[in-house]
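Just the heavy atoms: all of them, side chains too, but no hydrogens, waters or symmetry mates, feed the values below. A note on names: the letters A, B, ... follow the listed sequences, proteins ahead of strands, and every chain is numbered from 1.
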2 protein chains.
Amino acid sequence: MAAANIKEVARHAGVSLGTVSNVLNRPDTVAPATRQRVLDAITELGYVRNDSARQLRAGHSRTVAIVVLDVANPFFTDVVRGAEQVVEEAGAMLVVCNSGEDSARERRHLELLEEQRVRGVLITPVGHGPQPNLDKLIDRGIPVVLVDRGSGRASRCSVAVDDVLGGRLAMDHLLDQGHRRIAYLGGPFSIAQVAERHAGAAAALEERGGAELRVATTSSLTVAAGRRAAEDLLALPTRQRPTAVFCANDLIALGVLQEVTARGLRVPADVAIVGYDDIEFAGAAAVPLSSVRQPREQLGRTAAQLLLEEAQSGETHQHRHVVFQPELVVRRSSEQTRRARR
Amino acid sequence: MAAANIKEVARHAGVSLGTVSNVLNRPDTVAPATRQRVLDAITELGYVRNDSARQLRAGHSRTVAIVVLDVANPFFTDVVRGAEQVVEEAGAMLVVCNSGEDSARERRHLELLEEQRVRGVLITPVGHGPQPNLDKLIDRGIPVVLVDRGSGRASRCSVAVDDVLGGRLAMDHLLDQGHRRIAYLGGPFSIAQVAERHAGAAAALEERGGAELRVATTSSLTVAAGRRAAEDLLALPTRQRPTAVFCANDLIALGVLQEVTARGLRVPADVAIVGYDDIEFAGAAAVPLSSVRQPREQLGRTAAQLLLEEAQSGETHQHRHVVFQPELVVRRSSEQTRRARR
DNA sequence: TATAGCGTCTAAAACGTTTCATCCAGTCGG
DNA sequence: CCGACTGGATGAAACGTTTTAGACGCTATA
């Protein structure tokens with residue numbers, strides 16, 4: 001209905017169309033009297049800028065997209081919040097897209113975003129092989145920043161947390177606590193984090209020796225998957241059963257915790273647990289969960305900053321790879337109470 | 001860089017500009033041979049539609065927005081997932097905006113969305129007073145569907161869950177379990193759900209009589225706020241201390257659970273707890289949490305359906321108000337074991 | 001007095017689509 | 001053999017901005 005254009009506003013205020021545009025974009029170049037007249041016309045007609053037209057002229061939009069693996073995963077929601085802060089501060093808008101770890105959906109999203117000529121894309125890609133879709137974006141001049149994924153590529157910025165270090169921290173801690181039969185739960189290993197956290201754990205264990213690491217692969221990083229994996233683990237004869245479990249994320253860890261207590265075993269006395277991500281609920285779990293904490297919001301903030309920087313500096317931009325260090329938060333789920341192990 | 005036009009594609013394929021457009025939009029109206037030639041040109045040039053131009057012509061975009069109170073709240077992430085399904089199925093795109101319960105940010109978002117001429121807006125508004133911003137959208141012909149908020153208005157569709165009923169279910173359950181000193185925790189009461197769940201609880205209690213309801217207002221619906229509120233409650237002399245707490249959401253309930261167990265009290269023996277929302281972590285909490293479950297994804301799906309319906313039917317659209325019924329999930333946190341209360 | 005400069009405003013081009021009226025070359029019925 | 005129709009293609013207009021080159025009237029400077 002009320003679809004007033006800039007032209008109608010101009011007519012209403014008795015000025016030319018270009019003047020209205022100037023009032024909108026460079027208010028100081030137009031005389032106060034006329035400016036006021038134009039502003040009055042604008043409010044009277046209920047005029048609202050048409051962003052499509054503006055974008056068409058500008059060649060690109062003022063929105064930045066973030067493509068996450070799962071909107072419902074607390075890790076990503078925090079990253080989103082961090083990115084949001086920075087993006088909105090810059091007067092742009094952040095749109096959140098959910099790939100759901102499905103590369104077809106991811107591709108679909110990237111196509112749409114490319115059609116929209118978004119200002120830039122923050123993304124945690126589904127796989128970690130070559131990424132033709134992303135390369136295409138970059139060719140077109142749309143900056144891409146990788147979030148929490150492979151820092152190797154020279155053609156794009158990235159932010160990540162050192163997952164190898166995180167795995168190492170967790171493992172060192174469990175070894176310090178005297179554990180000698182330890183399990184690593186997570187999967188699929190095609191997810192880089194899952195593999196790297198494992199690599200860190202394995203490395204730490206190898207350096208210190210004298211302990212064994214059993215790996216149980218899960219089909220996804222959910223509470224339910226954690227429960228299922230724990231079932232198998234707990235079915236082992238007591239002598240072989242791991243005394244500690246290091247989980248690829250907190251959801252898995254919560255699943256393990258559920259299953260362990262459901263079987264009447266105690267945490268950490270019978271099975272110690274260390275998770276990863278330190279989501280808000282980790283501290284509120286049945287037994288407060290030890291976990292490797294990542295600076296999630298900061299990850300999002302930094303990613304957004306790199307993106308905006310690249311979008312502004314254009315050709316002269318130097319790609320950067322920022323790596324944050326995780327931190328182990330020890331809570332009851334892995335705190336040795338009394339008797340030494342084994 | 002590679003900013004190929006529809007015009008360049010046309011030149012490349014040796015056809016007119018309009019023909020290329022036809023290939024894109026009505027492939028069957030163009031002869032197979034030419035169609036193929038155009039398609040080849042498209043892939044060769046790496047042409048990607050410019051959505052701004054398309055939108056400008058069409059008068060509106062193909063995206064639908066959802067404005068939520070908190071991206072990190074599991075309730076909303078599920079609603080988002082539901083809406084996403086429907087919206088993407090319809091070939092549109094869902095963008096998620098976060099108001100953070102801040103009405104200034106909400107307004108800013110709505111302004112941007114209006115500038116973008118979005119196809120429609122799903123929103124859980126911050127306050128529940130009059131909403132001039134939303135009215136403005138509707139005036140402009142942009143459909144708005146209220147999510148989980150006041151079903152009264154005739155000028156817009158809405159989907160909601162019956163929060164009064166939810167409060168009633170929780171309270172009836174606690175009364176059935178023999179509790180006579182009960183507390184309601186939640187806030188701020190300016191959030192409609194907080195008020196309505198309380199109203200339901202109060203109504204149930206009044207009907208059955210013989211029990212008292214103490215209300216403790218929290219400043220927000222977070223775990224931390226729950227802990228703080230619980231502190232005050234537990235400071236009461238044992239004889240006055242409530243034997244059961246009904247919380248306005250699960251985050252609060254988890255906070256209460258944390259605080260109660262931190263003080264060496266047992267759940268449900270000393271304090272029973274019922275939460276609201278039945279988030280995934282409710283079942284994985286220290287003591288599995290009884291909670292009122294809402295059909296969250298369905299809420300999102302239905303909202304999106306109503307929106308798309310309205311966007312298509314235009315003038316002839318009849319606004320509808322869908323109300324879903326919540327369901328109480330009883331878990332250990334409120335299950336009476338033996339001795340009767342009072 | 002001419003000129004340069006400044007502040008203010010205008011007119012027109014350009015951005016990349018979609019759509020609509022037209023046109024053209026066949027084909028078919030009479 | 002002619003008129004009517006049809007499938008397929010074209011050209012131009014329109015969508016609503018932003019931006020650029022100028023125009024116009026003044027004042028300050030040479």
Checklist entry - For the side chain of A:Thr34, counting heavy atoms from C-beta on, which of D:dA9, C:dT18, C:dC9 is nearest? => result C:dC9
Checklist entry - What nucleotide among D:dT17, D:dG8, C:dT19 has an atom nearest to a side-chain atom of A:Arg54? => result D:dT17
Checklist entry - The side chain of B:Val15 lies closest to which of these nucleotides: C:dG16, D:dT10, D:dT19? => result D:dT10
Checklist outcome for this item: Contacts of B:Arg117 and B:Ser16 projected onto DNA chain D by closest heavy atom; the upstream (5') one is B:Ser16
Item to check | Nucleotide nearest B:Leu17 (side chain, heavy atoms from C-beta), chosen from D:dT10, C:dT17, C:dG16 | outcome: C:dT17
Checklist entry - What do the steps show when you test A:Ser220 against A:Glu101 for side-chain contact (heavy atoms from CB on, under 4.5 Å), and what is the final call? => result CA-CA 10 Å; A:Ser220 67; A:Glu101 297 194 19; 6.0 Å; no
Checklist entry - Hey, does the side-chain of B:Arg57 have a donor or acceptor N/O within less than 3.5 Å of a partner on the base of C:dT18? => result yes
Item to check | Residue B:Asn22, side-chain heavy atoms: nucleotide from D:dT17, C:dC9, C:dT19 that is nearest | outcome: C:dT19
Item to check | Verdict with reasoning, B:Gln294 to B:Phe75, per side-chain contact (heavy atoms from CB on, under 4.5 Å) | outcome: CA-CA 9 Å; B:Gln294 315 193 63; B:Phe75 172 78; 3.6 Å; yes
Checklist entry - Which listed nucleotide (D:dT19, C:dG16, D:dT18) is nearest to the side chain of A:Ile6? => result D:dT18
Next on the checklist: Is it the case that the side chain of A:His109 and the backbone of A:Asn98 share a donor-acceptor pair, with hydrogens and angles ignored and the cut-off at 3.5 Å?
Outcome noted: yes
Next on the checklist: Counting the atoms with a prime plus P, OP1 and OP2 as sugar-phosphate, which does B:Arg35 contact under 4.0 Å by heavy atoms, base, sugar-phosphate, or nothing?
Outcome noted: nothing
